[in-house]
Structures are given as C-alpha cells and as structure tokens.
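Report on the structure given below.
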Amino acid sequence: MDPWSARGIDEEDYERLIKEFGIERIGEIERQKLIDNRFIRRKIIFGHRSLDDIFKAIEKKQPWAVMSGIKPSGPFHLGTLTTALEIVEFQKMGAKAYYCIADIESWEDNGIPYEEAEEAGVDNLADILALGLDPSPDKAYIWRQSKEPIVKDVCFKVGRLLTQNMVNAIYGEKRFGLYLAALIQVGDILLPQILDAPQPTIVPVGIDQDPHIRLTRDLTRRYYKDIKEDEKIVRDAFFLPGATYHKLLTGLDGTDKMSKRNPNSHFTFNEPIDSIIKKLKGALTGGRKNKKEQQELGGEPQKCMIYKILTYHFEEDDEKLADDFEKCVKGELMCGEHKKECIEKVVKFIENHQKKKEKLIDKAREILKIG
RNA sequence: GGGGGUGUAGCGUAGUGGCAGCGCAGUGGUCUCCAAAACCAAAGGUCGUAGGUUCAAAUCCUACCACCCCCA
C-alpha cells in the first residue's frame, strides 16, 4: 500500500489489511460509544488503532487530541471532506484539534514551492473552518510544516532510528524527499504531545495513510520513552498515536479512486456549479439496463456512487438513507430520480458552504500569518 | 567524479533520413429512467530544449535539461 499512489482498494483488501497489519476492527462496543459520529455509525470508519486510550481519556475527563492535516496542493474535494469532518466531529466530542498544512509534503510530492502552497493552504483552512472547526487557541492548534520548528526537530531526532531497510519495507523505493516528508509527518502527529503534554492522540485518515501511522508508532515507541533523572521520571513516555481508518470513496465515474489526474472522478469545492452538476449527472449508478429490469430486479446500491456520496456526506437523515436503499433494491426508486435529488442536495451544500467560507478567508490568513 | 540508457498526444507505445501512427483514457452521438457496458464518429502533436548537417531530421551530429541504471 502506498500513501502517494492513486490506486484504489477493494473490499477484500480491507479484510487483508485488518489481518496483516494489525488494524483493529470497529466492533459494536466501539460503535455504540461513538454512535454520534456519522462515519462510525454508517461504518465508513471500519478500523482503528488505540481507540481505547481515547475512551479512557474521555471517561477520566483527561485531555486528548485529534490530529490530521491537508496537503495544500489543490481545493477541497469529497475525499478531503471526509477527514476534515472527522476532525470537526472529534473536536466536538472534546478533543483539542491539531491541524496541519502539509506544505513540506506538497513540495516533496508535487513540487509546489512553499509560497505557492500558501494560497491553497488559506483556501483549505477556510474550508475546514466553514465546516465547523473551532479555531480558538484552547480548542485548536494550526500550523504550516515549513514554519513549525517542532516538526522539523522531530524529523532529525527520529531520523537517527530509521534505516534504509525500514523505509523500503514501509514505502518501497521513493524519492528521498518523500522519506523526509514522512518523518516530518511523524513530527506532525507527535506535535500535540510535545507542544502540550503526553496525551492520547487520534489521527483520522483514509486507510491508504496507514504506512505513516505505522512508522510514527514504531518511532514513537523507540524514541519517546520515559525520561529519567536520578531514577525519577521527568517526562512520561508518549502515548502511541492512534488512528481511525475510513474507507476511501471511489471515483464518481466508477474509476478506482478519486484523483486529480481524472477530473471526472471528482469535483472540488471551488468548481463552477454547472460543472459539478455535469459530473454528477455522469456518475456511475447501480441501475439496470432499462426501466423494466430495474423494476423487476431492483438496483444495486453497493455499486452506486450516488448512494455512496449521500452516505458519506450529503444525506443527513439516517432513516431516509435506509429507506432509499430499500426502495432501490425493490425497484421502486429510479436512478434518474435519485440522481436528481442528490444533485439538488449537493448544490445546496456547496452554495451554502461557499457563503460561509467566503467570510472565513481573512480569518484563515490571520491564523496562518499569511498577508 | 566516470560510464551507459531513456525522453513521441493525458497515459502506454510504434516509427534507422522522405505525409507522425496504434492502443487505452478523454470528447460527441446511438442506446438507457440516469449512468455503465456495447456500437458509431470526430478530435487530440513545438517528436525534452537549443543549435548544426541535409533538397529533406522524431530519425544523423553537438550542447543543455529531466529521469533511470551501473562503476568508484
């Protein structure tokens, strides 16, 4: 699995990942505890590491952190929306949010200079603010990798522990800069514990980002142990950063993964409305050959991108969602009609979002200290 | 530091001096409740860049750039 590639992951792969890489399944117990979280409730988040630490912190009313970030290489889209909403939801549950603008990664991976990444960073931050992230200092810390000494420091410190064989095993052979970006990301994930205090941290990510989580946990275990002076612990060992893993949305047009390469596979939040509508009209459905067969056999919502994006993002009402699923399977709901309804919801969401976001651009500039 | 290789449409490639082609993707159409699939059609190019040789250069020469491999 490669965090920088655009390959998709199918159902069997999820099972394999759970078995081979020690990702824990979100069972009914965990699900009930987090039932307010849409992504957990709808089983979009299917796995985790070290969620138990978070539950303990919540029970004991101790501080805990949610950390994630965005690579400022373009506007928000449905994929980045998932992570962003996950952060917002965990913040609402009581976590302090740590949000990183990964401009070192956008340079190493996409060749975007820091100065060019500023604009995208501001835009991205305004998006997540519009989605409800509370930026007040006691509830959030937001940084740019290129301007944050803490993360660079971690990169060098843990770099001593990393061998060629390890990076090859985790990432395969890549440009050297990508390995550096991976170590910077270790810094991002540890920042909450360095900046504030050792505390359970959850990193909500797409399953393709698990290599970064594994690397971070490995290096944390070895480097950030108890520090003792005269047999007295002067700094507690860090918590191993945890993660939640969500399933990745596939391309609207039925291709493997939403990717920048393929504009029909996704739409962005900055895109003209009619372009978004056009793409949604062309989305893959689970419909049958014709109306008659649809009525007789029913549709296949598992394959349907309209159903999927409604589940992920655009249908607030669980009952309505379950209802439509039923109707589709029974052949009572026609794809054309369903699509039209979905388009209306998406357009409404985007228009509403744009309005909120516009007012937050200046705020985003101020937070990132970009003039 | 030295040696070798590659560079052609978004991607993958053919083309050893004589009209730059093919597959996939993308676009339009037929079909479909909408899509997909299938079928039909049209489009897409500074042949890495800059010079040179030649009546004629993707093709030969020189330099540069990018990427890959090998040796020290």
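So that the names make sense, note that chain A is the first sequence line, chain B the second, and so on, each numbered from 1.
- As rounded to the nearest Å, U46(B) and A58(B) have C1' atoms that lie 12 Å from one another.
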_Verdict with supporting geometry, T268(A) and N270(A), side-chain hydrogen bond (donor to acceptor under 3.5 Å, both in side chains)_ = CA-CA 5 Å; T268(A) 79; N270(A) 294 348; 5.4 Å; no
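- Nearest heavy atoms, I202(A) versus R49(A): CD1-O, 4.2 Å.
- Nucleotides G44(B) and G28(B), compared at atom P, are 16 Å apart to the nearest Å.
- Among R41(A), K348(A), R38(A), the one residue that satisfies the salt bridge (charged side-chain N to carboxylate O under 4.0 Å, His left out) test with E316(A) is R38(A).
- Taking atom CG of L284(A) as the reference point, atom C1' of A35(B) lies 6 Å away to the nearest angstrom.
- The phosphate of C34(B) (OP1 or OP2) has no side-chain N or O of N290(A) nearer than 4.0 angstrom.
- The listed nucleotides are C34(B), G26(B), C33(B); the one nearest the side chain of T285(A) is C34(B).
- Partner assigned to A9(B) is none, using Watson-Crick or G-U wobble distances below 3.5 angstrom.
- Aromatic ring orientation, F176(A) versus Y179(A): perpendicular (interplanar angle above 60°, classes split at 30° and 60°).
- In this model, a side-chain donor or acceptor of K339(A) finds a partner on the base of C34(B) within 3.5 Å.
- The gap from the P atom of A14(B) to that of C55(B) amounts to 32 Å, rounded to the nearest Å.
- The nucleotide U27(B) finds its pairing partner in A41(B), both defining distances of the Watson-Crick or G-U wobble pair being shorter than 3.5 Å.
- With hydrogens and angles left out, the side chain of E337(A) and the base of C33(B) share no donor-acceptor pair within 3.5 Å.
- Comparing G286(A) and K278(A) by the nucleotide of RNA chain B that holds the closest heavy atom to each, the one mapping nearer the 5' end is K278(A).
- Look at the C1' atom in both G17(B) and A56(B): the space between them is 8 Å, to the nearest Å.
- One N or O on the side chain of R288(A) and one on the backbone of G298(A) form a donor-acceptor pair closer than 3.5 Å.
- C60(B) and U53(B): their C1' atoms are spaced 8 Å apart (whole Å).
- Across all strands, K281(A) comes closer than 4.0 Å only to sugar-phosphate atoms, never to a base (heavy-atom distances).
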